[in-house]
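Quick note: numbers below take in every heavy atom, side chains included, and nothing from hydrogens, waters or symmetry partners.
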Amino acid sequence: MNEENILQVEDLKTYFKTDEGTVKAVDGVSFSLKRKESLGIVGESGSGKSVTNQSLLRLIPSPPGKIVGGSVKLEGVDILKLPKSKLRTIRGNKVSMIFQDPMTSLNPFLKISTQMIETIMLHQHENKDDARQRSIEMLRMVGIPKPEKRIDSYPHQFSGGMRQRVMIAMALSCNPQVLIADEPTTALDVTIQAQILEIMQELSDRLGTSLIMITHDLGVVAGMCDRIAVMYAGRIVEEANADDLFGDPKHPYTQGLINSVPRLDKKTGQKLSSIPGQPPNLIDLPDCCPFYPRCPHTMDICKTKYPTQKESEGSSGSTRRVSCWLYS
């Protein structure tokens, strides 16, 4: 394992057994995360982004889901092989996660103080008074007004944006080495989105936390992430430095995603671009390129065999990878 990497994921596979067949939600995903680096994982709904990152912390409901292969090494220790007692020292402590909807993540029957203090006492081994002061300090850092009073409020007494700030404060309260943000701004309006993203970036920089940002919004990762991985049908089809990916996208799917974003420099009345067709059914998917029915560059080999991964050097000197027969 590269000493610069704090997290190394190799050939991760997570399948779901259904009455219709096996859903290969994550099918051989590999990536690494350096210390203090931010990685964006993008793709359409159903591409496997969230399942990938839930697999990192073994949060997959079983049944029907099961992690059937691969490794997830945090500082060289494989999380997938740890007993549950050791896993508790990882979750919320070394690796924290911010979920899409804070209202379903926060217990509606418990005060914010109870939920935050319990986490800090468990992982940081602080007494109750110190844990309370730490909680107030974190709420102040994320911009909650009068945190000394608001800490004793219930989740329903906060707006959506404020609840998301509370989730960020809870996730960072134990100074995690890795923070996973699973579409943290989906349910928020544009103005609040910008504030939340700014807070996350500022705090992760200040605390030296590595960040994994899961989103379908290319604008979010363009401004926040050093590196971007594009997922389609349970696999990473392209991975590159953010500047390289937006400046010169290689995979036809990545090109389609970028072209689908409305542009201010387009003429008024010009039609928006879109990717034709629908994402594939992941039940018993054949071993070929799953994007070929929607791809404008389809070749015969695309219909019979999955493309090998091609590595090249980006403009910044970093390695970029793409899985497409146009380059393999």
Side-chain angles (χ1 to χ4, degrees), residues 9 12-16 18 20-31 39-56 60 65 98-101 180-188 190 193 197 212-225 227-240 242 245-246 249-263 271-298 302-303 306-307 309 321-326:
V9 179
L12 181 64
K13 296 181 179 181
T14 303
Y15 296 169
F16 291 81
T18 70
E20 289 77 23
T22 300
V23 177
K24 297 181 178 180
V26 178
D27 195 19
V29 165
S30 300
F31 64 87
L39 170 69
I41 300 180
V42 300
E44 293 171 293
S45 296
S47 60
K49 310 183 299 295
S50 294
V51 175
T52 295
N53 287 280
Q54 288 169 8
S55 300
L56 303 186
I60 302 299
I98 303 171
F99 295 92
Q100 290 187 34
D101 184 2
I180 302 171
D182 187 357
E183 303 203 33
T185 60
T186 298
L188 307 175
V190 177
Q193 278 187 25
L197 293 173
I212 298 177
M213 172 69 75
I214 309 165
T215 183
H216 58 265
D217 190 337
L218 289 170
V220 169
V221 292
M224 280 198 68
C225 298
R227 199 157 43 90
I228 299 171
V230 181
M231 285 195 71
Y232 189 78
R235 304 192 192 194
I236 293 177
V237 296
E238 185 168 3
E239 182 185 348
L245 188 111
F246 283 98
K250 298 293 187 184
H251 199 283
Y253 178 59
T254 310
Q255 294 170 4
L257 286 179
I258 293 174
N259 291 335
S260 298
V261 177
R263 297 177 61 98
K271 284 188 176 181
L272 293 174
S273 177
S274 64
I275 301 174
Q278 298 291 329
N281 186 345
L282 298 183
I283 295 177
D284 300 323
L285 195 66
D287 191 24
C288 63
C289 177
F291 189 62
Y292 87 81
R294 310 172 71 187
C295 181
H297 309 291
T298 298
C302 303
K303 304 175 184 179
Y306 193 86
Q309 190 178 74
R321 302 176 180 86
V322 60
S323 295
C324 179
W325 286 117
L326 291 173

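Using a 4.5 Å heavy-atom cutoff, the side chains of Pro249 and Gln255 are in contact. You'll find the side chain of Cys324 reaches within 4.5 Å of the side chain of Pro252, heavy atoms only.
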Do any side-chain atoms of residues 232-240 form donor-acceptor pairs under 3.5 angstrom with protein atoms, and if so which ones, sequence neighbours left out?
| from | atom 1 | to | atom 2 | distance (Å) |
| --- | --- | --- | --- | --- |
| Tyr232 | OH | Arg294 | NH1 | 3.1 |
| Arg235 | NH2 | Asp27 | OD2 | 3.2 |
| Glu238 | OE1 | Lys250 | N | 3.4 |
| Glu238 | OE1 | His251 | N | 2.9 |
| Glu238 | OE1 | Thr254 | OG1 | 2.8 |
| Glu238 | OE2 | Lys250 | N | 3.0 |
| Glu238 | OE2 | Arg320 | NH2 | 2.7 |
| Glu239 | OE2 | Arg227 | NH1 | 2.1 |

Apply side-chain contact (heavy atoms from CB on, under 4.5 Å) to the pair Ile212 and Leu56, showing each step before the final yes or no.
CA-CA 11 Å; Ile212 298 177; Leu56 303 186; 4.1 Å; yes

Does the side-chain contact (heavy atoms from CB on, under 4.5 Å) test come out yes or no for Val261 and Phe246, once each step is laid out?
CA-CA 12 Å; Val261 177; Phe246 283 98; over 6 Å; no

Would Tyr306 and Leu285 count as a side-chain contact (heavy atoms from CB on, under 4.5 Å) here? Give the steps.
CA-CA 11 Å; Tyr306 193 86; Leu285 195 66; over 6 Å; no

Start with the C-alpha gap between Leu218 and Ile228, add the side-chain angles, then the distance that decides, and say whether side-chain contact (heavy atoms from CB on, under 4.5 Å) holds.
CA-CA 10 Å; Leu218 289 170; Ile228 299 171; 5.7 Å; no

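Residues Thr52 and Val26 come closest through the heavy atom pair OG1-CG2, 3.4 Å. Looking at every heavy atom in both residues, Leu39 comes nearest to Ala229 through CD1-N, 4.2 Å.
Atom CG in Leu245 sits 5.0 Å away from atom CD1 in Ile258 (nearest 0.5 Å). In this structure, the separation between OG on Ser50 and CZ on Phe99 is 9.5 Å, given to the nearest 0.5 Å. Remark: Met213 CE to Ile41 CD1 distance equals 11.0 Å, nearest 0.5 Å. Interatomic distance, CE of Met231 versus CD1 of Ile214, reported as 9.5 Å (0.5 Å rounding).
Residues that satisfy the side chain to side chain donor-acceptor pair (under 3.5 Å) test with Ser55, not counting sequence neighbours, are Thr14. Remark: His216 engages Glu183 in a side chain to side chain donor-acceptor pair (under 3.5 Å) (not counting sequence neighbours). With sequence neighbours excluded, no residue satisfies side chain to side chain donor-acceptor pair (under 3.5 Å) with Ser47. With sequence neighbours excluded, the residues satisfying side chain to side chain contact (heavy atoms under 4.5 Å, CB included) with Thr18 are Glu20, Val23, Ile283. With sequence neighbours excluded, no residue forms a side chain to side chain contact (heavy atoms under 4.5 Å, CB included) with Gln278. Not a single side chain to side chain donor-acceptor pair (under 3.5 Å) links Ser30 to another residue, sequence neighbours left out.
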